[in-house]
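Comments concern the structure below.
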Amino acid sequence: MTASPPRLRFAPSPTGFLHVGGARTALFNWLLARRTGGTFLLRVEDTDKSRSTDESTRAIFEGLQWLGLDWDETVVFQGANLERHRADAATLLTSGKAYRCFCTPDELTQRRTAAEAAGGAFSYDRRCDRLDTAEIDHRVAAGTPFVLRFRVPNGETAWHDLVHERISFPNKDIDDFVILRSDATPIYNHAVVSDDIAMGITIVMRGDDHISNTPKQILLYEALGAPLPQFAHLPMIHGTDGKKLSKRHGATAVGDYQHLGILAPAMVNFLALMGWSPGGDFEEVMTIDRLVHAFKGDGLLRKASVFDPKKLEWMNGQHLAKMPIADVEALVAPLFEKAGLATVAQLSARRDWFHHLLEQLRVRSRLVDEIVTQAAPYFADAVTYDPDAVAKQWKDPGAVLALMTGVRESLESLESHASWDPLLLEEMMRTLAESKGVGAGKLLQPLRIALVGVSASPGIFDVMLILGRDGTIARVAAAERRLREMMASA
RNA sequence: GGCCCCAUCGUCUAUCGGUUAGGACGACACCCUUUCAAGGUGUAGAGACGGGUUCGAUUCCCGUUGGGGCUACCA
């Protein structure tokens with residue numbers, strides 16, 4: 001670690017949504033910055049005008065904001081630094097670290113395909129570096145287009161990676177790469193280094209697909225006389241088939257998961273455990289604060305990990321069950337309104353009731369939306385009877401009718417709403433079942449269908465509490481009518 | 001093809017040379033029980049292969065195999 005607080009950055013290119021891999025990279029940078037009291041910066045790498053869109057930039061910002069990954073200072077747009085990129089390239093040219101190359105793209109591809117056809121690997125042969133000064137001046141004066149290439153020195157380039165220990169490349173394997181295009185715009189590696197130097201970045205933490213860029217960037221730092229940052233190359237995240245995560249694997253954008261009903265803290269928790277481990281035995285379900293505390297920059301893994309949506313869902317269920325109920329309300333009330341169940345205002349008007357309902361449903365849900373789905377029966381005017389449930393639990397309409405009538409009469413005998421108590425109701429129903437000569441289950445299961453229409457629900461006495469005395473009695477009565485219809489049509 | 005990175009249950013991982021190789025997700029079974037969840041308990045399930053080094057390798061070294069990344073006037 002550096003002595004002074006580190007400066008880290010996340011540098012996405014705005015060519016699409018915020019990918020889970022990118023989100024994980026951003027998260028690790030953010031965690032380390034927050035843990036160490038460092039700075040977390042955001043830089044949008046929009047130098048490729050043809051692929052960058054404002055829409056993508058917005059989507060990335062939204063994704064980061066949703067996850068709660070706030071950045072310090074103002075966002076840097078790489079495209080705005082064009083003049084510095086050119087100036088740095090010019091410095092390299094005048095100091096002899098770079099040279100003009102007049103080879104055209106067509107010539108280059110031709111030579112490349114020729115080399116490949118011959119079974120060899122193409123590498124730039126430095127022919128333009130051998131041009132004499134007069135020739136160069138002549139071509140420049142004639143307006144011949146040229147790019148700037150970096151002259152890779154002999155030797156070896158190595159660094160101590162924070163996750164991989166030592167990594168080294170023989171310089172002979174590094175081409176004299178282009179740093180400035182013929183239209184005088186910078187190539188990635190050059191822009192990155194120029195910006196990272198200008199932004200004072202001290203730790204470059206990114207995906208390990210950048211490992212092979214690193215020696216080029218180190219060479220650039222050295223040529224520019226700038227101090228080297230530390231590098232940390234995080235493993236990739238793969239799909240279930242072991243291949244790099246792509247659209248083929250379904251949802252890959254963090255926004256997709258948001259819309260699927262995943263909670264941001266669960267997503268963060270899950271992502272944090274991909275490619276990092278606090279070590280030893282530890283509780284996997286962690287709050288963001290806890291993650292910040294535990295994330296010390298060590299425990300970074302080297303192996304690519306497979307994104308497991310099942311575990312994400314489990315993680316989400318854990319967070320859903322543990323978060324403050326008021327937070328669940330805030331999150332879910334708008335969804336209830338959208339689903340046409342009730343307005344946010346209506347829900348907050350009977351907050352205690354709503355909270356009780358949410359307590360009952362959240363433990364049975366893994367995704368936020370499942371709460372809404374499960375809540376539908378408690379808002380409908382009439383119960384929708386699920387055919388399968390009816391077929392199973394109301395097999396004998398006559399017998400069920402007798403039971404339901406008994407239930408209704410018992411409930412009606414409870415005059416006071418104050419006596420509408422789960423324990424009391426349970427005692428009453430069990431007594432009733434006994435007097436009817438059936439087991440409790442034989443009474444309660446058909447009753448569940450009467451009350452909510454489906455065979456899965458919270459405990460039946462909690463359901464009765466949620467429905468209230470009148471609501472419960474009305475539904476039992478409705479069930480009795482339905483059962484008579486079934487008998488009549490049978 | 002060249003260069004680089006990686007390699008423990010199906011998946012995420014623990015292990016700082018000596019362990020019955022531990023935990024989590026998922027799967028299965030059981031318990032709880034009015035259903036569904038949640039929760040509890042348990043079962044199955046891993047060191048890719050071959051050489052070294054060592055009294056002793058999952059652990060250190062080399063090779064093989066496999067997977068991945070890069071190899072642009074993309075980022």
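All chains are named by letter (A, B, ...) in the order of the sequence lines, taking the proteins before the strands, and each is independently numbered beginning at 1. Quick caveat: nothing in here was measured; it's all calculated off a predicted structure.
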Q: Return the nearest nucleotide to the side chain of Q318(A); candidates are G39(B), C70(B), U35(B).
A: G39(B)
Q.
Base of C5(B), side chain of R302(A) - is there a donor-acceptor contact under 3.5 Å?
A. no
Q: Round to the nearest Å and state the distance from R364(A) atom CZ to A38(B) atom C1'.
A: 8 Å
Q: Answer yes or no: does a side-chain N or O of R362(A) lie under 4.0 Å from OP1 or OP2 of A38(B)?
A: no
Q) What does L361(A) touch in the nucleic acid at a heavy-atom separation under 4.0 angstrom: a base, only the sugar-phosphate, or nothing? A) nothing
**Q.** Nucleotide of C74(B), C12(B), C4(B) approaching I211(A) most closely (side-chain heavy atoms)
**A.** C4(B)
(Q) Output the rounded distance in Å from CZ (R206(A)) to C1' (C4(B)). (A) 14 Å
Q: Provide, to the nearest angstrom, the distance between the NZ atom belonging to K303(A) and the C1' atom belonging to A14(B).
A: 13 Å
Q. Hey, does the side chain of H164(A) come within less than 4.0 Å of C6(B)'s phosphate (OP1/OP2), counting only N and O?
A. yes
Q: Kindly point out which of C3(B), C5(B), G23(B) is positioned nearest to the side chain of D281(A)?
A: G23(B)
Q: Identify whether any heavy atom of T47(A) sits under 4.0 Å from a base atom; if not, whether one sits that close to sugar-phosphate; answer base, sugar-phosphate or nothing.
A: sugar-phosphate
Q: Please answer whether the main-chain N or O of P186(A) pairs with a side-chain N or O of R181(A) as donor and acceptor at a distance below 3.5 Å.
A: yes
(Q) My understanding is that a pair needs two contacts under 3.5 Å, Watson-Crick or G-U wobble. By that rule, which nucleotide pairs with C32(B)? (A) none
Q. Is there a donor and acceptor pair closer than 3.5 Å between the side chain of S182(A) and the base of C73(B)?
A. yes
Q) Does any nucleotide pair with G66(B) by Watson-Crick or G-U wobble geometry, both distances under 3.5 Å, and what is it? A) C6(B)
Q) So what does G275(A) touch, heavy atoms closer than 4.0 Å: a base, only the sugar-phosphate, or nothing? A) sugar-phosphate
Q) With sugar-phosphate meaning primed atoms plus P, OP1 and OP2, does I187(A) contact a base, only sugar-phosphate, or nothing at under 4.0 Å between heavy atoms? A) sugar-phosphate
(Q) Regarding S277(A), tell me which of base, sugar-phosphate or nothing describes its non-hydrogen contacts under 4.0 Å with the strands shown. (A) sugar-phosphate
(Q) Nearest to the W314(A) side chain among C25(B), U34(B), G2(B), which nucleotide is it? (A) C25(B)
Q) Is the backbone of K310(A) close enough, under 3.5 Å, to the side chain of D308(A) for a donor and an acceptor to pair up by distance? A) yes
Q | Protein-nucleotide distance (L180(A), atom CG; A72(B), atom P), rounded to Å | A | 18 Å
Q. Would you say L300(A) and F295(A) make side-chain contact, with heavy atoms under 4.5 Å?
A. yes
Q) Can you find a donor-acceptor N/O pair under 3.5 angstrom joining the side chain of N213(A) to the base of A75(B)? A) yes
Q: Ignoring hydrogens and angles, tell me if any N or O in the side chain of T373(A) forms a donor-acceptor pair with the backbone of D369(A) under 3.5 Å.
A: yes
Q | Per V363(A) side chain, nearest of listed nucleotides C6(B), U34(B), A38(B) | A | A38(B)
Q. Can you tell me how far C1' of A75(B) sits from CE of M236(A), to the nearest Å?
A. 13 Å
Q: Please indicate whether E55(A) has more than 12 foreign heavy atoms, meaning atoms of other residues, nucleotides or ligands, lying under 6.0 Å from its CD.
A: no
Q. Is any side-chain nitrogen or oxygen of R149(A) closer than 4.0 Å to OP1 or OP2 of A72(B)?
A. no
(Q) Side chain of E284(A) only, heavy atoms from C-beta on: which candidate in C4(B), U13(B), A24(B) is closest? (A) A24(B)
(Q) Both distances below 3.5 Å, Watson-Crick or wobble geometry, any strand: find the nucleotide opposite G1(B). (A) U71(B)
Q. In Watson-Crick or G-U wobble terms, both distances under 3.5 Å, what is the partner of A38(B)?
A. none
Q: Send over the distance from F77(A) CZ to A75(B) P, rounded to a whole Å.
A: 17 Å
Q. Any luck finding a side-chain donor-acceptor pair between N269(A) and H319(A) under 3.5 Å?
A. yes
Q. If you look at every strand shown and take non-hydrogen atoms under 4.0 Å, does V306(A) touch a base, only sugar-phosphate, or nothing?
A. sugar-phosphate
Q. Roughly how many Å is it from CZ in R166(A) to C1' in C6(B), rounded to a whole number?
A. 18 Å
Q | Selected nucleotide, minimal atom distance to L301(A) side chain, candidates U13(B), U35(B), C70(B) | A | U13(B)
Q.
What's T109(A) touching, base or sugar-phosphate or nothing? Going by heavy atoms closer than 4.0 Å.
A. nothing
**Q.** Watson-Crick or G-U wobble partner of G18(B), both distances under 3.5 Å
**A.** C55(B)
**Q.** Interatomic distance where CZ belongs to R112(A) and P belongs to G2(B) [whole Å]
**A.** 18 Å
Q) What's the verdict on salt bridge (charged side-chain N to carboxylate O under 4.0 Å, His left out) for E313(A) and K311(A), showing C-alpha distance, side-chain angles and the deciding distance? A) CA-CA 5 Å; E313(A) 285 188 18; K311(A) 186 155 184 176; over 6 Å; no
(Q) Categorize M315(A) for me: base, sugar-phosphate, or nothing, with a 4.0 angstrom heavy-atom threshold over every strand shown. (A) nothing
Q) D46(A) near the nucleic acid: base, sugar-phosphate alone, or nothing, with a heavy-atom cut-off under 4.0 Å? A) nothing
